[in-house]
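Report on the structure given below.
Values below: all heavy atoms of this structure, side chains included; hydrogens, waters and symmetry mates excluded.
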Amino acid sequence: SSIEQFIEGIPKAELHLHIEGTLEPELMFAFAKRNNIKVNYENVSEVKKAYQFNNLQEFLDIYYAGANVLITEQDFYDLTWAYLIKVKKQNVLHIEIFFDPQTHTDRGIPFETVINGIHKALEHGEEKLGISYRLIMSFLRHLDEASAFKTLEQSLPYKDWITAVGLDSSELNNPPSKFQRVFNKSIEEGYITVAHAGEEGPASYIWEALDLLKVDRIDHGNRCLEDEKLVKRLVKNQVPLTICPLSNLELKVVTNLKDHPIASMLAKNLLVTVNSDDPAYFGGYMNENYIAIARALDLSKRQITDLAKNSIKASWLDDTQKEKLK
Ligand code: HPA
Ligand code: ZN
């Protein structure tokens with residue numbers, strides 16, 4: 001339809017994507033085979049049948065199990081390259097993506113194996129596909145502060161390859177304040193900061209992310225709408241929210257995409273963007289997310305364009321680079 005073609009045509013940036021969340025079942029079986037690892041499923045359709053979640057934790061359990069097939073630098077390279085090829089076809093011109101080192105270092109995979117594979121693919125993507133990128137190292141908030149500090153330490157030799165630190169995994173009962181000291185140190189080391197907040201957790205976690213972790217963007221942030229003062233602050237400072245429509249639907253943050261608040265967020269002048277989060281698990285990459293939300297909310301071309309423009313505005317490209325993407 002014309003709205004699909006319109007979405008395919010506009011330049012976009014993806015700002016909320018976990019590289020581990022791009023592990024398609026076909027690739028999972030290929031890695032399992034070459035690494036001699038057993039997966040809990042017989043075939044691809046069995047895997048897809050298992051991807052039904054009632055909340056964030058049910059997803060995370062399956063997502064961390066999936067990551068067990070990632071062993072070698074080549075695996076991380078191939079995973080990242082497969083994602084780059086996908087977004088290239090969707091007119092995504094710039095990406096700022098997360099990786100979760102602790103998911104791998106806790107299994108005995110060296111930090112350098114993970115980052116070397118991802119970095120090499122991103123460099124090739126920039127060179128051969130023209131996709132610019134930034135890399136965000138995300139701490140797992142269900143683990144303790146000491147583990148996050150250790151991860152920060154491991155990242156320091158690779159500082160030039162990493163733009164920002166983030167915070168993801170089980171949100172409830174793991175408030176941003178748990179990582180205030182780690183984020184302070186990260187800022188001292190020159191990293192920008194972002195955090196998942198207000199996906200399942202309360203609006204107070206968004207305040208903490210802003211005030212204690214000094215974040216540049218909020219990942220998700222849906223629950224800001226419960227706090228009028230917070231919305232005012234986010235609007236005034238134009239703090240970007242990286243919204244993930246299909247993720248919100250699959251993790252029951254919203255019960256129906258027709259109830260998704262992104263249109264009213266736009267109307268409130270919140271700097272909202274559309275992203276895919278974990279596309280292999282939630283059933284769609286960037287354009288599928290744009291198309292699903294545009295259809296459900298009957299978005300106008302103007303609203304769709306505003307969302308895409310917001311993604312470039314909210315990125316960490318410099319102003320000249322942003323101009324080129326418009
Ligand atoms: N929320 C928290 N942790 C995550 C997510 C998410 O949406 N995706 C991958 N890890
Ligand atoms: Zn996420």
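S311 contributes a side-chain N or O that, together with a main-chain N or O of A308, makes up a donor-acceptor pair within less than 3.5 Å. Side-chain N or O atoms of R181 include none that pairs as donor or acceptor with a backbone N or O of E145 at under 3.5 Å. Judged purely by atom type and a 3.5 angstrom limit, N275 uses its side chain to pair as donor or acceptor with the backbone of L15. Judged purely by atom type and a 3.5 angstrom limit, K178 uses its side chain to pair as donor or acceptor with the backbone of L143. At least one donor-acceptor pair closer than 3.5 Å links the side chain of K159 to the backbone N or O of E189. Looking only at distances, a side-chain donor or acceptor of R141 sits under 3.5 Å from a matching main-chain atom of N174.
Between I71 and I109, the closest side-chain pair of non-hydrogen atoms falls below 4.5 Å. The shortest distance between side-chain heavy atoms of E96 and R217 falls below 4.5 Å. Between L257 and L246, the closest side-chain pair of non-hydrogen atoms falls below 4.5 Å.
Between K232 and E228 there is no salt bridge, since no side-chain nitrogen of the basic residue lies less than 4.0 Å from a carboxylate oxygen of the acidic one.
Defined by atom type and a distance below 3.5 Å, a donor-acceptor pair is present between the side-chain atoms of Y133 and E123. Judged purely by distance below 3.5 Å, without hydrogens or angles, the side chains of N287 and K12 pair a donor atom with an acceptor atom. Side chains of T72 and D75: a donor-acceptor N/O pair is present below 3.5 angstrom, by distance only. Checking T105 against Q154 by side-chain atom types alone, no donor-acceptor pair falls below 3.5 Å.
Residues F76 and V69 share a single hydrophobic cluster, defined by chaining ILVMFWY side chains whose heavy atoms lie under 4.5 Å apart.
The aromatic rings of F179 and F139 sit parallel to each other, their planes meeting at less than 30°, with 60° as the upper class boundary. Ring geometry for H16 against H18 counts as perpendicular: the plane angle is over 60°, on a 0 to 90° scale with 30° as the lower cut. Between H142 and Y64, the two ring planes are tilted [angle within 30° to 60°].
In this structure, F59 has its ring center under 6.0 Å from that of Y63. For F98 and H196, the ring centers are positioned less than 6.0 Å apart. Centroid-to-centroid, the aromatic rings of Y158 and H119 stay 6.0 Å apart or farther.
Under the rule for a salt bridge (Lys or Arg N to Asp or Glu O under 4.0 Å), the partners of R223 that lie at least two apart in sequence or sit in another chain are E226. Residues that satisfy the side-chain contact (heavy atoms from CB on, under 4.5 Å) test with Q238, not counting sequence neighbours, are V235, N269, L271, K313. For E250, the side-chain contact (heavy atoms from CB on, under 4.5 Å) criterion is met by F282, not counting sequence neighbours.
With rounding to the nearest 0.5 Å, the separation of CG in L140 from CG in D106 is 7.5 Å. Taken from CG in L270 to CG in L241, the straight-line distance is 5.5 Å, to the nearest 0.5 Å.
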Decide yes or no on side chain to side chain donor-acceptor pair (under 3.5 Å) for E20 and T103, but give the supporting numbers first. CA-CA 9 Å; E20 293 88 351; T103 300; 5.2 Å; no
With side chain to side chain donor-acceptor pair (under 3.5 Å) as the criterion, how do E200 and Q57 come out once you've worked through the C-alpha distance, each side chain's angles and the decisive distance to 0.1 Å? CA-CA 10 Å; E200 284 191 345; Q57 193 58 51; over 6 Å; no
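Atom CG of N173 sits in a sparse spot, with 12 or fewer heavy atoms from other residues, nucleotides or ligands closer than 6.0 Å.
Cation-pi geometry between R233 and W207 is not met at under 6.0 angstrom from the ring centre and within 45 degrees of the axis.
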